[in-house]
Amino acid sequence: MLDADFFRRWMTAAAASVDREAERLTALDSPIGDADHGSNLQRGFRAVTDALAKEPPATPGAVLTQAGRLLISTVGGASGPLYGTLLRRTGKSLGDAAEVDAGQLAEALRAGVDAVRQLGGAAPGDKTMIDALVPAVEALGDSFAAARTAAEEGAVATTPLQARKGRASYLGERSIGHQDPGATSAALLIAALVDASAETEGDGE
């Protein structure tokens with residue numbers, strides 16, 4: 001079972017990944033976006049980890065809802081609303097339960113991804129974060145590791161696509177040949193589930 005501590009570790013692991021990969025995310029964003037994806041997410045996830053450390057929420061849903069609110073308020077551009085919506089809707093779907101299982105997380109995350117799709121109007125193949133998130137949710141029922149692999153493969157698969165949504169879509173065919181930064185950062189978020197799970201096992205819980 002996954003408790004609030006696990007979800008705090010997930011957000012902390014995601015923040016650490018964004019820190020490590022911030023320059024790469026910005027480099028990916030440079031030719032097809034505003035060259036600020038890495039720095040924006042870095043600022044947002046630092047705010048999340050600071051807040052969770054100061055006043056830890058008591059339930060999994062509360063952790064994600066708070067994280068989502070902070071990302072909306074601190075991350076510039078489209079990333080804040082999209083990631084904030086993903087985590088807030090996932091958190092709300094988990095409700096007030098003190099613990100959830102992996103299946104419940106998968107269903108809640110599916111609701112979060114659906115909310116992102118509704119907000120941004122993106123579908124798989126549009127060269128957005130959806131290309132990493134949709135296969136990740138499908139694989140989450142198998143394991144966190146399977147979800148990580150699916151998300152990473154989904155992110156890489158955006159490279160030959162022409163962007164149909166977001167800032168990159170304005171470039172038309174010039175967006176082809178560049179891996180989408182949003183799909184790449186979404187894959188980092190999913191991969192952080194594995195890191196959080198490894199910490200749990202290391203603690204002997």
Side-chain angles (χ1 to χ4, degrees), residues 7 9-49 52 64 67-91 109 112-117 119-120 122-137 139-140 144-145 147-159 161 163-169 175 177-196:
F7 282 81
R9 286 197 297 272
W10 179 23
M11 292 298 100
T12 301
S17 292
V18 168
D19 260 344
R20 286 193 304 268
E21 300 291 336
E23 289 187 11
R24 183 169 76 99
L25 292 174
T26 292
L28 289 173
D29 195 35
S30 185
I32 59 174
D34 295 323
D36 59 2
H37 189 62
S39 56
N40 278 344
L41 283 184
Q42 209 172 18
R43 181 172 61 251
F45 274 99
R46 282 176 180 170
V48 168
T49 54
L52 293 178
L64 296 187
R69 282 201 305 266
L70 284 164
L71 290 177
I72 289 172
S73 64
T74 59
V75 178
S79 297
L82 291 170
Y83 273 105
T85 295
L86 174 68
L87 294 180
R88 283 181 67 185
R89 184 60 62 87
T90 302
L109 194 58
V113 172
D114 287 345
V116 171
R117 293 180 66 169
L119 177 65
D126 285 345
K127 199 182 182 92
T128 71
M129 64 195 296
I130 293 299
D131 289 305
L133 291 173
V134 167
V137 168
L140 197 55
F144 290 156
R148 174 183 61 188
T149 298
E152 290 171 350
E153 290 176 350
V156 171
T158 63
T159 303
L161 300 178
R164 293 197 288 261
K165 293 290 179 182
R167 174 75 174 77
S169 65
S175 65
H178 300 283
Q179 184 169 319
D180 183 66
T184 305
S185 60
L188 294 179
L189 177 66
I190 298 300
L193 283 167
V194 178
D195 297 332

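Start at 1 with the first residue, then count along the sequence.
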(message) Tell me which one of Ile190, Leu87, Leu133, Leu64 satisfies side chain to side chain contact (heavy atoms under 4.5 Å, CB included) with Leu109.
(response) Ile190
(message) Between Lys127 (side chain only) and Ser175 (backbone N and O only), is there a donor and an acceptor less than 3.5 Å apart?
(response) yes
(request) Please answer whether the main-chain N or O of Thr26 pairs with a side-chain N or O of Ser30 as donor and acceptor at a distance below 3.5 Å. (result) no
Exercise: identify the closest heavy-atom pair between [X] and [Y]:
X: Ala139; Y: Ala150; result: CB-CB, 3.9 Å
X: Gln179; Y: Ile32; result: O-CD1, 4.2 Å
X: Ala147; Y: Leu140; result: CB-CD1, 3.6 Å
X: Thr85; Y: Ala115; result: CG2-CB, 3.7 Å
X: Gly125; Y: Arg164; result: O-NH2, 3.2 Å
X: Asp126; Y: Asp131; result: N-OD2, 3.8 Å

(request) List the steps and the verdict of side-chain contact (heavy atoms from CB on, under 4.5 Å) for Asn40 and Asp34. (result) CA-CA 11 Å; Asn40 278 344; Asp34 295 323; over 6 Å; no
(request) Evaluate side-chain contact (heavy atoms from CB on, under 4.5 Å) for Arg46 paired with Asp19, printing each intermediate quantity in order. (result) CA-CA 9 Å; Arg46 282 176 180 170; Asp19 260 344; 3.2 Å; yes
Rounded to the nearest 0.5 Å, what separation is found between the [atom1] atom of [X] and the [atom2] atom of [Y]?
X: Ile130; Y: Thr158; atom1: CD1; atom2: OG1; result: 12.5 Å
X: Leu28; Y: Ser185; atom1: CG; atom2: OG; result: 9.5 Å
X: Leu70; Y: Arg88; atom1: CG; atom2: CZ; result: 10.5 Å
X: Asp180; Y: Leu25; atom1: CG; atom2: CG; result: 10.5 Å
X: Met129; Y: Lys165; atom1: CE; atom2: NZ; result: 15.0 Å
X: Thr149; Y: Phe144; atom1: OG1; atom2: CZ; result: 13.5 Å

(request) I would like to know whether Phe45 and Thr74 meet side-chain contact (heavy atoms from CB on, under 4.5 Å); could you show each step before the answer? (result) CA-CA 9 Å; Phe45 274 99; Thr74 59; over 6 Å; no
(message) I want to check something: taking the side chain as every heavy atom from C-beta on, are Leu86 and Val113 in contact at a cut-off of under 4.5 Å?
(response) yes
(request) Could you tell me whether Asp195 and Arg9 have a side-chain N and a carboxylate O separated by less than 4.0 Å? (result) no
(request) Could you walk me through whether Thr184 and Glu21 pass the side-chain contact (heavy atoms from CB on, under 4.5 Å) test, one step at a time? (result) CA-CA 10 Å; Thr184 305; Glu21 300 291 336; over 6 Å; no
(request) Name the orientation class of the two ring planes belonging to His37 and Tyr83 (parallel below 30°, tilted from 30 to 60°, perpendicular beyond 60°). (result) tilted
